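Structure, as structure tokens:
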2 protein chains.
Amino acid sequence: MATKGIQSRNRQEITARILTAAERVFAEFGYAGASISRIAAEAGIPKSNVVYYFETKELLYRRVVGEIFDIWRAAADSITVDNDPIQALGDYIDTKLDLARTRPYGSKVWANEIIQRAPIVQDYLEDELRSWTEDRIVVIEAWIANGKIRPISARHLLYAIWATTQHYADFTHQITTLNEGVELTNRQWGETKSAVKDLLLRGVEKHGDA
Amino acid sequence: MATKGIQSRNRQEITARILTAAERVFAEFGYAGASISRIAAEAGIPKSNVVYYFETKELLYRRVVGEIFDIWRAAADSITVDNDPIQALGDYIDTKLDLARTRPYGSKVWANEIIQRAPIVQDYLEDELRSWTEDRIVVIEAWIANGKIRPISARHLLYAIWATTQHYADFTHQITTLNEGVELTNRQWGETKSAVKDLLLRGVEKHGDA
DNA sequence: ATGATTTCTGCACGATCGGTCAACATTTTT
DNA sequence: AAAAATGTTGACCGATCGTGCAGAAATCAT
């Protein structure tokens with residue numbers, strides 16, 4: 001089944017191919033439902049070879065989760081005290097919606113992991129996510145203290161942004177079905193960005209009307 | 001392991017116990033990861049007895065998904081043309097957040113199913129969910145036409161409400177971890193309702209300031 | 001009381017799983 | 001060129017899975 005001719009020559013390439021395959025399979029079947037042999041088939045190599053590079057299913061899974069976690073973290077770089085709140089939050093929403101479109105599988109893996117109470121990556125939550133979140137909340141509350149935005153709940157604003165942006169990744173299938181069975185077009189993704197920013201940032205802006 | 005003394009006497013009771021156990025186990029382990037024997041243990045009966053009442057794992061699963069679907073559908077009864085938009089949407093958000101708290105497992109099962117591209121309940125999406133959604137969009141667009149709310153995207157407003165409310169169910173574990181490891185108190189759930197309505201409905205109201 | 005029906009349960013089956021291992025191939029180092 | 005290190009693979013193991021099934025136990029109908 002696997003076309004052997006396309007075998008990569010070096011470690012870098014082959015581990016990347018395994019990680020890509022693993023992200024999709026973990027997303028579509030869950031941790032328990034994803035089998036190493038399926039990931040291997042998707043990557044076009046034998047099962048034993050996957051085990052050779054990642055030792056165990058759990059270690060491979062941790063790598064996949066770690067990747068999306070790092071990407072999401074970088075997406076919030078614009079959220080700093082010195083930046084304009086609406087601009088910064090708008091950029092954050094745009095970037096996360098781009099990621100929802102380009103990396104939907106990573107988002108789904110994360111969602112699955114949290115739904116199942118983070119049996120594998122609980123340490124991520126307690127260490128990195130917790131401090132990262134507190135830092136962003138401090139920034140948003142500084143914006144409020146400086147009178148730049150309305151006094152909303154910084155924490156729930158973050159949660160709402162996460163929820164809505166990731167919804168377009170995790171629930172892609174539902175959205176597609178409700179879109180007459182066809183994937184969103186470029187135009188529709190543009191409309192989505194506008195609509196989400198319009199809805200969420202209206203509640204943030206100091207003066208209610210543009 | 002199972003305390004036989006607490007055996008129910010009639011069909012109604014025992015199937016209800018199985019469904020409750022199944023909802024939790026499917027939520028916490030995914031469809032593939034959930035085993036009938038685990039569900040049986042959770043319900044305090046032998047595995048064979050679960051199979052006796054529900055025949056197959058898939059049929060049991062469909063029953064679980066169908067339940068939460070019906071509950072969610074009823075939660076949107078307030079969304080009609082004659083009702084006040086802010087009141088109706090606010091009630092809808094309140095009800096869905098109550099469900100996020102009281103029935104988090106059902107929400108998680110639904111999320112899992114959609115993430116995995118609805119392999120079991122695709123017919124629900126194409127039949128009931130699609131027409132149901134179109135009906136609500138018609139109502140919201142009538143509100144806009146009547147000048148009762150701002151001209152926002154009805155579809156994306158619905159998606160945003162689904163995303164945020166269900167986020168508090170599906171991502172309970174993440175929220176708890178970010179809440180110093182303890183579940184939200186009654187007071188915090190109240191704050192959550194206010195914050196979500198404040199954020200989302202500001203973008204809907206015609207006049208920006210209360 | 002007796003027979004019919006429903007409920008309950010242990011056992012066995014084929015399939016699939018994650019992971020080990022030994023044999024083999026290739027590349028790198030000396 | 002020989003040795004060492006790294007990469008590749010199929011065969012195999014014990015465990016667990018969903019489900020079929022026969023028969024025991026309980027309930028109901030007559």
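Chain naming here is simple, since letters A, B, ... match the order of the sequence lines and numbering starts at 1 in each. Scope of the values below: all heavy atoms of this structure, side chains included, with no hydrogens, waters or symmetry mates. Keep in mind that this is a model prediction, so the values were computed, not measured.
Regarding B/I45, its CD1 atom lies at a distance of 10 Å from the C1' atom of C/dC8, rounded to whole Å. Distance CZ (A/R17) to C1' (D/dG7): 14 Å, rounded to an integer number of Å. Rounded to an integer number of Å, the gap from A/I18 CD1 to D/dG7 P is 12 Å. At whole-Å resolution of the value, OH in B/Y61 and C1' in D/dT19 are 20 Å apart. Rounding to whole angstrom units, CD1 of residue A/I39 and P of C/dG18 are separated by 8 Å. Summarising the geometry, the separation between CG on B/N49 and C1' on D/dG18 is reported as 16 Å, rounded to the nearest angstrom.
Between A/H167 and B/Y159, the ring-plane angle classifies as tilted under the 30° and 60° cut-offs.
B/Y31 and B/E58 form no side-chain donor-acceptor contact under 3.5 Å, judged by distance and modelled atom types alone. Residues A/N186 and A/R101 have side chains that bring a donor and an acceptor to within less than 3.5 angstrom of each other. With no hydrogens or angles considered, a side-chain donor-acceptor pair links B/D170 and B/S107 at under 3.5 Å. Using modelled atom types and a 3.5 Å distance limit, the side chains of A/E183 and A/N179 yield no donor-acceptor pair. No hydrogens or angles considered: a donor-acceptor pair under 3.5 Å links the side chains of B/H173 and A/Q122. A/W72 and A/E67 share no donor-acceptor pair across their side chains, judged by distance under 3.5 Å alone.
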So which protein nitrogen or oxygen atoms get under 3.5 Å of nucleotides 19-26 of chain C's nitrogens or oxygens?
unit_1	atom_1	unit_2	atom_2	d
C/dG19	OP2	A/K57	N	2.8
C/dG19	O6	A/K47	NZ	2.5

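Across all strands shown, B/A34 has heavy atoms under 4.0 Å from sugar-phosphate atoms exclusively, and none from any base.
At D/dT6, none of the side-chain N or O atoms of A/R11 fall inside 4.0 Å of OP1 or OP2 (strictly under the cut-off). Checking the phosphate oxygens (OP1, OP2) of C/dC17, a side-chain nitrogen or oxygen of A/S37 falls inside 4.0 Å.
With pairs defined as Watson-Crick or G-U wobble and both atom distances under 3.5 Å, the stems of at least three pairs that touch DNA chain D come out as C:1-30 with D:1-30.
Taking 4.5 Å as the limit, some side-chain heavy atom of B/N49 sits within range of a side-chain heavy atom of B/P46.
A donor-acceptor pair under 3.5 Å is formed between the side chain of A/R130 and the backbone N or O of B/T177.
In this structure, of C/dT9, D/dT8, D/dC17, it is C/dT9 that holds the atom nearest to the side chain of B/Y52.
Position along DNA chain D of the nearest nucleotide to B/Y31 versus A/Y53 favours A/Y53 as the more 5'-ward residue.
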